[in-house]
Amino acid sequence: MIKKTVNLLPIAAGVLFGSVGIFVRTLDGAGFGNITIIFSRAALAAVIMLICLAVKDISLLKIQPKNFIYLAGCAILGMLGTNLCFNISSTHLSLSLAAVLLSIFPIYVLIFSRIVFKEEITKKKTVCMFLAIAGCVMVSGIIGSAVSVSGAGLAAGLISGVTYGAYGIISKFAMNSGLKSLTVTFYSLLILAVILAPFADYSAIFSFVAEAPARGRIYVSPFTLHRCSSVSLLYYCASVY
């Protein structure tokens, strides 16, 4: 039963992460830069996770100095790289195409796992991977439709898949060192928020909420941003481990 549930986590992660494009489009049109969008999500999600961890089990906040390199890698390469590239592809390409480019990350995970962990690439893994990607392509509706393709958007979309796959590999190293998936996700978000804090456009955030309070709360609310960022990464992190 537990194994079946774990197998559903990557799907849940993909659904939540894929929905981010809707919010990115709206916030980008409101004058948010990519850095501000990513900072908003990371900061609010980190605050919510801090409260949840403090209530659930304060010991989950304990880390060792040796863990920092993995957490920094998850934050910078995994979270920042994936979010930045996916935001760029979402604004330059159709949301469906951007989602498909991100969804091919299993290819990179398969390759990285072979190189780093010496995991065997079986026929079953290969077939399942291509079936999943083919399903994403067909569901997206990009086949047979006039999809405009931007070179920058295409490159960003492909890189988003690479960095998302790298996040899974680095987070596995972190959890192999003794950390829990909740701990990895929280500190990765915290590090990312701290790094981006000096570069965020706070006036854009306050103006967006002030001009349309109801809409602003929906798009910049802790619940929405937390659901689409930390929860998706938590599901993915847990499934990899």
Sort and list the pairs that fulfil ring pair (Phe, Tyr, Trp, His ring centres under 6.0 Å) and have at least one residue in residues 47-69, not counting sequence neighbours. none
Over all atoms of both residues, closest heavy-atom pair of Met79 and Leu192: CB-CD2, 3.7 Å
Let me confirm one number: the CG-CG distance from Leu189 to Leu50, rounded to the nearest 0.5 Å. 11.5 Å
Under a single-linkage definition using a 4.5 Å side-chain heavy-atom cutoff for Ile, Leu, Val, Met, Phe, Trp and Tyr, are Ile191 and Val47 assigned to the same hydrophobic cluster? no
Which atoms form the tightest heavy-atom contact between Glu120 and Arg114, and what is the distance? CA-NH1, 4.1 Å
Phe117 and Phe173 aromatic ring geometry - parallel, tilted or perpendicular at 30°/60° bounds: tilted
Within a reach of under 6.0 Å around CD1 of Ile69, are more than 12 heavy atoms found that belong to other residues, nucleotides or ligands? no
Kindly compute the distance separating CZ (Phe186) from CG (Leu71), expressed to the nearest 0.5 Å. 10.5 Å
For the pair Tyr187 (side chain) and Leu61 (backbone), establish whether a donor and an acceptor sit closer than 3.5 Å, ignoring hydrogens and angles. yes
Within the side chain of Tyr70, is there an N or O that forms a donor-acceptor pair under 3.5 Å with the backbone of Lys172? no
Nearest non-hydrogen partners of Val184 and Ala174, listed with the distance: CG2-CB, 3.8 Å
Where do Thr82 and Gly78 come nearest, in terms of heavy atoms and distance? OG1-O, 2.6 Å
Is it true that a side-chain atom of Thr185 and a backbone atom of Leu182 form a donor plus acceptor pair closer than 3.5 Å? no
Look only at the side chain of Ser171 and the backbone of Gly168, and say whether a donor-acceptor pair between them is shorter than 3.5 Å. yes
In this structure, would Phe112 and Leu158 fall into the same cluster of hydrophobic residues linked by side-chain contacts under 4.5 Å? yes
Please check if Ile159 and Leu97 belong to a single hydrophobic cluster, counting links between Ile, Leu, Val, Met, Phe, Trp and Tyr side chain heavy atoms closer than 4.5 Å. no
Rounded to the nearest 0.5 Å, how far does CG of Leu110 lie from OG1 of Thr126? 5.5 Å
Output for pair (Tyr164 OH, Phe86 CZ), nearest 0.5 Å, gives 10.0 Å
Minimal non-hydrogen separation, Ile169 against Ser113, with atom names: CD1-OG, 3.6 Å
If you round to the nearest 0.5 Å, how far is OG of Ser90 from CG of Asn34? 9.0 Å
Would you say Asn87's side chain and Leu84's backbone share a donor-acceptor pair under 3.5 angstrom? no
Pair Leu196, Leu80 - check side chain to side chain contact (heavy atoms under 4.5 Å, CB included), show working. CA-CA 9 Å; Leu196 297 182; Leu80 179 58; 4.1 Å; yes
Shortest non-hydrogen contact between Ile88 and Ala152, atoms and distance: CG2-O, 4.5 Å
NZ on Lys180 to NZ on Lys62, rounded to 0.5 Å: 14.0 Å
Please tell me whether Val55 and Ile58 are part of a single hydrophobic cluster in this structure, the criterion being side-chain heavy atoms less than 4.5 Å apart. no
No-hydrogen, no-angle side-chain donor-acceptor test under 3.5 Å, Thr36 and Asp201: no
Does Phe130 belong to the same Ile/Leu/Val/Met/Phe/Trp/Tyr cluster as Ile104, with side-chain heavy atoms less than 4.5 Å apart forming each link? yes
Ser89 side chain to Ala156 main-chain N or O, any donor-acceptor pair under 3.5 Å? no
Heavy-atom side-chain proximity of Thr183 to Asn67 below 4.5 angstrom: no
